[in-house]
> 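Quick one: the structure is below, questions incoming.
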Amino acid sequence: MKQGALSLAVLSGAVSTAWAALNVDFGSADSIKAAAKDVAFDALSYYKGNESGEIPGLLGDAPFMGGKYFWWSGSVQWSTLIDYWYYTGDDSYNSVVSQGLLHQAGPNNDFMPPNATASISNDDQGFWGIAAMQAAELDFPASSIDWASLSRNVWTTQVRRFQQEEKDETCNGGLRWQIPATNVGFDYKNTISNAAFINLGARLGRWTGNATYVEWADRAWTWLTDIGFLTEDFSAYDGAHVGANCTDINKGEFSYSAGLLLQSAAFLYNQTTGDDQKRWRDRVTGLTKTILDKFFEEGYHYEIACEGRDDACTPDMLFFKGMVTRNLASTVQLAPFTKDAISKVLKTNAEAAVKTCTGGDNNRQCSFSWAKGKFDNETDIPSQLNTLSALTVLLQDEVSQKGIATNTTSNPDGGSDGGNGSDSNGNGNGKGNGQGQNGNGNGNGDGGSAGTTTRVTVGVLVAGLFAALL
């Protein structure tokens, strides 16, 4: 047991209410929702992007401009709040979420905004695309946008980069970390950038029924394992340098890499059958075990790369707990056979998080380290978002009938961007597979053309693109 760690027995004992300034009866959905509402309010109290003179979508200036959080972290706030709305039904922040996402989408609607392109990385762009995909899957309200089209645009830019890496034979493929060639990190290929690409492909494949997305997700997954970033025991290492042909592997392990790969495998399990589904089931099982054993050893999230050492956790790492918590929760929805293993940990995880929520001016703000069992005198945006995620995922049973939508279930009169792709006018073959929302139910409907379902087409997928990528 780690020094200062709470015992699992204490966390999961007979007392079902965490008596802190943030009081939660974990046996009551109403109590969980009320606590989540308070935490969401406190999280948004740090956000200034909707104020005059500020930039919507960002959590302040980046570190190289004197701020604390990099551009990508804004996507974590919006994806957390999309989940908050989905689980609780509280739409108080929906307009600010939409504003933040759309403002950062950039002029080409591919999350390459001018304010970020100088320092943008593939994982940064990928996380914004994932947030938009989540909005589509959960039917997040949008007055003038097709959320999934933003994600498709991100995927399209990234698959071209992946192809170029294969042609150049740099480490036999795989996405680099940084996008601009002048940036430190352009010579580095990492797990998280490729995991984000896999995640987008897995989700777009399920959303559209187009097998090309799935084939590319599988291709990138194979690259990760062949290069040694993802091992047979499902350890997800950080990355390696192009100059060494990716042989100098940094074996640092970060929970968000494993968590994103787990969620990706769950999406792929959910839309496949037969031997393919068995392969993805095995990967879901292996990653679930690795994540729970390494990062939830005591029943709550402990970031092994940095916790327990003063100032070792970078601002980026402070967001990982909420992200992985939500990855685990969606895995349960997509791969229900994981429920017994994951759900009990989600409860003890939330209990540990809430025990820290006694700080701030209102005596209910939360802190990052849940192992201490108390507020550690530091609070910030990530700590509130982490606890908000820990609370909201406990409401899984409340939303179990909603499921995670596909294009055909979200838009039953429309269809998917299937077949050989579509252009901005919706010209495509459009044969979707009508996948069910949960488990592995396979539908049978025609997809129709993408143009029949988009409210406003903001992206461009050129005709014949998918055929060219195979």
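Here the structure is a predicted model, which is why all the values come from computation and not from measurement.
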> Going through the checks in order, is the side chain to side chain donor-acceptor pair (under 3.5 Å) test met by Thr156 and Asn153?
CA-CA 5 Å; Thr156 300; Asn153 292 345; 5.3 Å; no
> Looking only at the aromatic ring of each residue, does the gap between the centers of Phe127 and Phe70 stay below 6.0 angstrom?
no
> Does Glu303 use its side chain to pair, donor to acceptor, with the backbone of Ser255 at less than 3.5 Å?
yes
> How about CD on Glu378, more than 12 heavy atoms from neighbouring residues, nucleotides or ligands closer than 6.0 Å, or not?
no
> Measure across Ser367 and Lys374 and return the closest heavy-atom pair with its distance rounded to 0.1 Å.
OG-O, 3.8 Å
> Out of curiosity, Lys189 NZ to Asn172 CG, how far, rounded to the nearest 0.5 Å?
8.0 Å
> Using the rule given for salt bridge (Lys or Arg N to Asp or Glu O under 4.0 Å), can you reason through Glu166 versus Arg161, listing the C-alpha separation, both sets of side-chain angles and the distance that settles it, and then say yes or no?
CA-CA 9 Å; Glu166 289 182 326; Arg161 294 178 199 133; over 6 Å; no
> Return the CG to CD1 distance between Leu200 and Ile130, rounded to the nearest 0.5 Å.
5.0 Å
> Under the ring-ring contact (aromatic ring centres under 6.0 Å, His included) rule, what do Phe295 and Phe320 come out as? Steps first, then yes or no, please.
CA-CA 11 Å; Phe295 298 101; Phe320 293 175; 9.3 Å; no
> Does the side chain of Asn199 come under 3.5 Å of the side chain of Ser264 through a donor N or O and an acceptor N or O?
yes
> To the nearest 0.5 Å, what is the distance between CZ on Arg203 and OG1 on Thr208?
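OG1 of Thr208 is found 13.5 Å from CZ of Arg203.
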> Can a donor-acceptor pair be found, under 3.5 Å and without considering hydrogens, that links the side chain of Glu297 to the backbone of Leu292?
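Answer holds: no.
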> Nearest 0.5 Å, please: how far is CG in Asn194 from CG in Leu260?
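Spacing of CG (Leu260) from CG (Asn194) equals 11.0 Å.
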> With distance as the sole test, does Tyr47 use its side chain to make a donor-acceptor pair with the main-chain N or O of Gly57 at under 3.5 Å?
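Yes: the side chain of Tyr47 pairs with the backbone of Gly57.
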> Find out whether Ser343 and Gln396 are in side-chain contact, i.e. whether some heavy atom of one side chain is under 4.5 Å from a heavy atom of the other.
yes
> How long is the span from the CG atom in Leu59 to the CG atom in Asp380, to the nearest 0.5 Å?
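Reported to 0.5 Å precision, the distance equals 10.5 Å.
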> Which atoms form the tightest heavy-atom contact between Phe162 and Leu175, and what is the distance?
N-CD2, 3.6 Å
> Which pair of non-hydrogen atoms, one from Thr225 and one from Thr222, has the smallest distance, and what is that distance?
OG1-O, 2.8 Å
> Counting heavy atoms not belonging to Asp233, are there more than 12 under 6.0 Å from its CG?
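More than 12 heavy atoms, drawn from other residues, nucleotides or ligands, come within 6.0 Å of this atom.
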> Please answer whether the main-chain N or O of Gly74 pairs with a side-chain N or O of Trp78 as donor and acceptor at a distance below 3.5 Å.
yes
> Strictly below 4.0 Å, N to O, side chains only: are Asp276 and Arg279 in salt-bridge contact?
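Looking at Arg279 together with Asp276, the answer is yes, because their closest N to O distance falls below 4.0 Å.
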> Ignoring hydrogens, what is the shortest heavy-atom contact between Met317 and Cys313? Give both atom names and the distance.
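Heavy-atom minimum between the residues: SD-CA, 3.9 Å.
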> For the residue pair Asp83 and Arg326, what are the closest heavy atoms and their distance?
OD2-CD, 3.0 Å
> Which atoms form the tightest heavy-atom contact between Ala202 and Leu268, and what is the distance?
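So the minimum-distance heavy-atom pair works out to CB-CG, 3.6 Å.
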> Which distance, rounded to the nearest 0.5 Å, do you find between the CD of Gln125 and the CG of Asp110?
6.0 Å
> Between Asp123 and Ile192 (side chain of the first, backbone of the second, donor and acceptor by atom type, cut-off under 3.5 Å), is there such a pair?
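Answer holds: no.
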> With respect to Trp128, which candidate in Trp71, Trp147, Trp72 satisfies the ring-ring contact (aromatic ring centres under 6.0 Å, His included) definition?
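Output: one option passes, namely Trp71.
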> Measure from the side-chain N and O atoms of Asn349 to the backbone N and O of His301, and report whether any donor-acceptor pair falls under 3.5 Å.
yes
> For Glu137 and Arg206, what are the C-alpha separation, side-chain angles and deciding distance, and is it a salt bridge (Lys or Arg N to Asp or Glu O under 4.0 Å)?
CA-CA 10 Å; Glu137 292 162 344; Arg206 184 178 181 275; 5.6 Å; no
> Closer than 3.5 angstrom, by distance alone: can the side chain of Gln134 be matched with the main-chain N or O of Ser79 as a donor-acceptor pair?
yes
> Go through Glu351 and Lys347 one step at a time and tell me if the salt bridge (Lys or Arg N to Asp or Glu O under 4.0 Å) criterion holds.
CA-CA 6 Å; Glu351 290 171 343; Lys347 183 172 184 294; 2.5 Å; yes
> Can you tell me which residue pairs pass the ring pair (Phe, Tyr, Trp, His ring centres under 6.0 Å) test with a partner in residues 226-248, sequence neighbours excluded?
Tyr188-His241, Trp223-Phe229
> If you draw the axis of the six-membered ring of Phe186, does the NZ or CZ of Arg176 fall within 45° of it and under 6.0 Å from the ring centre?
yes
> Can you name the one residue among Phe337, Tyr269, Phe267, Trp221 that meets ring-ring contact (aromatic ring centres under 6.0 Å, His included) with Trp280?
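Among Phe337, Tyr269, Phe267, Trp221, the one that satisfies the ring-ring contact (aromatic ring centres under 6.0 Å, His included) with Trp280 is Trp221.
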> Measure from the side-chain N and O atoms of Thr290 to the backbone N and O of Leu287, and report whether any donor-acceptor pair falls under 3.5 Å.
no
> Where does the angle between the aromatic ring planes of Trp155 and Trp216 fall among parallel (under 30°), tilted (30 to 60°) and perpendicular (over 60°)?
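Rings of Trp155 and Trp216: perpendicular, as their planes differ by over 60°.
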> Could you tell me if the side chain of Val393 sits less than 4.5 Å from the side chain of Val332, heavy atoms only?
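Not touching, per the 4.5 Å side-chain cut-off.
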> Take Arg152 and Asp146, measure what salt bridge (Lys or Arg N to Asp or Glu O under 4.0 Å) needs, and give me the verdict at the end.
CA-CA 10 Å; Arg152 286 195 297 267; Asp146 168 29; 3.2 Å; yes
> Taking CZ in Phe41 as the centre, count heavy atoms belonging to other residues, nucleotides or ligands within less than 6.0 Å. Is the count above 12?
no
> Just wondering, more than 12 heavy atoms not from Glu169 lying within 6.0 Å of its CD?
no
> Side chain of Ser235, backbone of Thr231: donor and acceptor closer than 3.5 Å?
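The answer is no, because no donor-acceptor pair under 3.5 Å joins these two groups.
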> Under 3.5 Å, side chain of Thr348 to main-chain N/O of Val345, donor-acceptor pair present?
yes
> Is it true that the NZ or CZ of Lys321 lies under 6.0 Å from the centre of Trp370's six-membered ring and within 45 degrees of the ring axis?
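Yes, Lys321 sits over the ring of Trp370.
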> Are Tyr86 and Phe140 close enough that their ring centers fall under 6.0 Å?
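No, the ring of Tyr86 stays outside the 6.0 Å limit from the ring of Phe140, centre to centre.
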